[in-house]
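In what follows, a structure is listed as structure tokens, so that the remarks can point back to it.
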Amino acid sequence: MIFRQLFEPASSTYTYLLACPETGVAVLIDPVAEMVERDLRVIGELGLRLAYTLETHVHADHITSGAALREATGCQVAGPAMDGLRCRDVGLQEGEVFRVGTLEIHPLFTPGHTDGHHSYLVDTGSHTMVFTGDGLLIDGCGRTDFQSGDAATLYHSIHDKLFTLPDETLVYPGHDYAGRQLSTIGQEKARNPRLGGGKTEAEFVAIMAGLNLAYPQKIDVALPGNQRCGDGSAQVPSA
Ligand SMILES: [Fe+2]
């Protein structure tokens with residue numbers, strides 16, 4: 001598989017480029033509006049054709065470039081079907097394989113950060129990667145105190161679904177605020193301070209209730225922008 005981990009510094013967002021080496025067809029997971037030129041340059045340098053953008057969830061901290069990339073390349077915009085967004089071309093759900101050339105992407109329903117949040121599992125043949133969006137982060141997790149978040153739901157998504165993957169599965173998060181790039185399921189199970197080391201649901205819910213996080217800076221523009229797949233985001237004043 002052709003693979004790049006790309007970073008957007010203002011929101012500390014990771015965008016992932018995955019492409020099929022046989023067909024040159026590519027997908028961008030969670031692309032960011034401000035990085036369209038960079039992403040198109042990388043795709044061009046690698047000689048790929050962008051077939052899809054793919055969201056893990058409706059973001060509150062940045063605006064997707066799905067609509068802009070569709071405009072620029074003719075790609076299709078994909079994401080969880082249960083988000084119910086009319087601006088998307090393709091809706092994914094757990095149990096249905098999403099194919100990009102010869103790549104097989106397996107959606108995993110992992111609600112809790114939002115009620116439609118999905119992670120994406122890819123087996124390259126030599127290793128297994130899971131793109132965890134804002135569900136499981138390295139030594140952390142996505143917040144559960146706005147949109148349709150729910151801490152107990154996130155606990156079960158991570159413990160019952162992600163933590164049942166093989167320990168050597170590589171974890172690629174949607175964000176990292178400390179420059180870390182990847183982890184493993186085994187490492188997060190053992191040492192994630194919120195969820196690892198056998199933390200109970202009650203302990204996790206108490207940790208999340210005690211975070212007292214600030215209201216997200218960009219949520220009032222990001223949510224409506226992302227509900228349009230980023231279409232018209234250039235006209236939205238920056239927050
Ligand atoms: Fe998010």
Side-chain angles (χ1 to χ4, degrees), residues 5-16 27-35 53-67 77-85 87-88 91-92 94 107-121 130-158 161-162 171-178 180-183 188 192 194-195 204 207-209 211-230 233 236 238-239:
Q5 182 178 35
L6 303 161
F7 189 63
E8 190 283 305
S11 61
S12 296
T13 298
Y14 282 124
T15 295
Y16 296 99
V27 56
L28 271 176
I29 299 177
D30 287 339
V32 179
E34 287 81 357
M35 307 309 280
T53 62
L54 175 58
E55 304 294 333
T56 53
H57 65 291
V58 179
H59 307 279
D61 62 338
H62 67 269
I63 296 179
T64 175
S65 60
V77 173
M82 66 174 57
D83 286 339
L85 298 186
C87 59
R88 290 194 187 142
L92 278 62
E94 185 173 302
L108 299 176
F109 180 42
T110 48
H113 173 65
T114 69
D115 58 3
H117 186 284
H118 280 62
S119 302
Y120 299 114
L121 187 72
V130 63
F131 300 91
T132 54
D134 292 5
L136 178 62
L137 303 179
I138 299 171
D139 282 354
C141 64
R143 53 195 291 182
T144 55
D145 59 332
F146 61 84
Q147 288 180 275
S148 47
D150 181 78
T153 303
L154 183 60
Y155 181 87
H156 287 288
S157 290
I158 292 175
K161 198 161 285 182
L162 298 177
V171 172
Y172 288 92
H175 297 282
D176 195 87
Y177 304 94
R180 296 162 297 197
Q181 292 177 287
L182 76 161
S183 181
E188 295 310 313
N192 187 299
R194 295 182 186 171
L195 290 141
F204 178 67
I207 289 169
M208 296 308 285
L211 291 179
N212 295 318
L213 297 167
Y215 188 70
Q217 271 183 322
K218 286 191 174 177
I219 190 169
D220 295 328
V221 291
L223 278 187
N226 286 321
Q227 280 153 356
R228 297 189 306 271
C229 297
S233 61
V236 177
S238 58

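Indexing begins at 1, ligand by ligand and atom by atom, following the structure's order. As the structure is a prediction and not an experimental result, all values here were calculated from the model. In this chain, residues are counted from 1 in sequence order.
Remark: of the listed residues L195, D150, T144, L195 is the sole one forming a side chain to side chain contact (heavy atoms under 4.5 Å, CB included) with Y155.
The aromatic rings of H117 and H57 sit tilted relative to each other, their planes meeting at an angle between 30° and 60°. By the 30° and 60° cut-offs, the orientation of the rings of H113 relative to F146 is perpendicular.
Among the backbone and side-chain atoms of H57, an N, O or S atom lies under 2.8 Å from the Fe ion (ligand 1). At a threshold of 2.8 Å, the Fe ion (ligand 1) has a backbone or side-chain N, O or S atom of H113 nearer than that distance. Within the 2.8 Å limit, D61 places no N, O or S atom next to the Fe ion (ligand 1).
Within D134, the N/O/S atom positioned nearest the Fe ion (ligand 1) carries the name OD2.
For C87 against V77, the heavy-atom pair with the smallest separation is O-CB, 4.4 Å.
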